[in-house]
Amino acid sequence: MVVLVVRVVRKVTVAVVVMAIVVVKVVLVTIDCRYRFCCSPTNNQALVLRSQQRHKHRIRTAECRGSSFYRLSRLEAAVHRRHSLLVMITGISQDVVPYKFGYCDLEAVFVDNIAMVQLLESDIQTKEVLGWQGLHVFHHILSSCSQKLRVFLNLKGLKWHSHPIDIVHNEHLKPYYLGINPRGLVPSIVEDGVVHIESNDIILHLDQEYPEPRLVPADRREEVAAILRHEDDLHLDLRTLTFRFLFDPAKPTKSRQDLDNYSAGAGTVQGHRDQAVQREVSFWSDYLNSGVTDQQARLAAARLRTAFDGVEAALAKSSYVLGDKLSIVDIAWLVYVQRLVYVGYPHNDLHPHIAAWRAKLMDQPAIAKELELPQELRGMVADRQRSLTEAGQTLTKVCFPELTTPAASL
């Protein structure tokens with residue numbers, strides 16, 4: 001009888017252990033699947049939009065330097081908890097398990113349900129700027145993001161102190177500027193001692209502080225933020241076409257030593273090493289290795305064409321992208337469109353409404369003076385386009401060979 005009881009207990013114990021193992025595996029798989037769902041660029045954007053639609057839910061707040069309160073919705077908090085749980089259970093380093101929500105990295109905070117990058121004071125190594133008063137802008141004349149910000153500032157009529165950064169000679173990779181913006185990108189601003197990076201975050205922040213004239217419709221702020229994120233996601237595509245068809249790949253502006261110094265000298269964002277730096281290093285490393293291939297150029301042009309198709313459809317129905325009034329969305333897309341005019345993108349053939357809209361906006365001095373090529377660069381660009389034409393390597397020939405009409409002229 002005792003032997004029988006022992007056997008039964010043993011079998012029950014084994015069954016319980018097996019069931020426990022199965023349950024743990026199911027839980028881990030479920031967490032991993034939900035985590036992957038939330039980390040998908042498509043699905044997490046849907047979650048962000050869904051969260052924005054439910055913004056009346058209870059929220060928890062966290063005070064952050066340089067503004068009043070940053071609000072993190074229950075949904076975003078849930079994603080963060082799932083990420084933390086996955087790290088805890090698997091024992092994988094948090095640096096290995098990427099945390100992405102919407103289009104924002106771990107350091108993102110949410111301002112009125114809009115994700116923004118916020119530096120800690122400890123991230124800023126060039127301490128002198130913390131005592132500056134007024135609005136100071138670090139920018140470069142040809143940087144598309146700088147152009148977008150300067151047009152915004154012009155239309156707002158804001159006064160600001162200009163700090164040009166010579167990115168052609170890699171001033172943005174020097175310790176002084178990396179101590180202000182650890183990503184080494186332009187533009188950045190210092191507003192009364194508070195540093196802001198990322199052009200779209202800067203624009204949304206300044207539009208709240210200086211609402212007139214209105215460039216971000218008050219009732220469409222979250223929609224505008226989503227469009228600007230989409231525009232920003234295409235930035236490397238714009239750069240790809242720029243460095244294939246506007247500048248000569250045989251004369252790169254960065255060396256491998258520059259990239260090594262950049263990677264080693266870049267600081268932290270919210271105390272963490274920043275993935276944006278590695279993305280920049282990867283782009284320039286590939287560019288040094290092989291320039292921009294035909295396939296890369298075609299993929300970049302195809303993605304931009306898809307985005308422009310959406311803009312074209314909007315402009316077929318209204319004077320501006322969001323309706324009857326100019327907005328920052330028009331400025332963001334115009335910067336891309338005007339840059340691509342210089343590289344030979346065939347707007348007239350593919351997007352006639354965009355071509356007419358561009359001509360209308362470029363008639364405004366506050367816009368044109370920031371987007372037109374400086375006189376000293378026009379000869380270089382014309383020479384580059386001429387050499388591409390002679391070689392049969394224009395953007396239209398490479399990316400849109402089905403078009404028989406010539407590309408838009410400079």
Practice task
Decide yes or no on salt bridge (Lys or Arg N to Asp or Glu O under 4.0 Å) for Lys156 and Asp207, but give the supporting numbers first.
Solution key: CA-CA 9 Å; Lys156 286 284 187 179; Asp207 190 76; 2.7 Å; yes
Exercise for the section: Establish, for the pair Arg239 and Phe283, whether the NZ or CZ atom is under 6.0 angstrom from the six-membered ring centre and no further than 45 degrees off its axis. Expected result: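 Arg239 over Phe283 ring: yes.
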Can we say [X] and [Y] salt-bridge, meaning some charged N sits less than 4.0 Å from an Asp/Glu carboxylate O?
X      : Y      : result
Lys148 : Glu231 : yes
Glu198 : Arg183 : yes
Asp363 : Lys360 : no

State, without any angle test, whether [X] and [Y] hold a side-chain donor-acceptor pair at a distance under 3.5 Å.
X      : Y      : answer
Lys174 : Asn261 : no
His235 : Asp232 : no
Asp330 : Trp357 : yes
Gln385 : Thr389 : no
Glu128 : Tyr176 : yes
Ser255 : Asp258 : yes
Gln393 : Arg244 : yes
Ser188 : His196 : no
Asp123 : Thr268 : yes

[Y] and [X], any side-chain heavy atoms less than 4.5 Å apart:
X      : Y      : value
Lys397 : Thr394 : yes
Arg150 : Trp160 : yes
Leu153 : Leu135 : yes

Problem - Ring geometry between Trp333 and His230 (parallel below 30°, tilted from 30 to 60°, perpendicular above 60°) - result: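 Correct class here is perpendicular.
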Problem - Glu312: which of Arg305, His347, His353 passes side chain to side chain donor-acceptor pair (under 3.5 Å) - result: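 Per the side chain to side chain donor-acceptor pair (under 3.5 Å) rule, the option paired with Glu312 is His353, out of Arg305, His347, His353.
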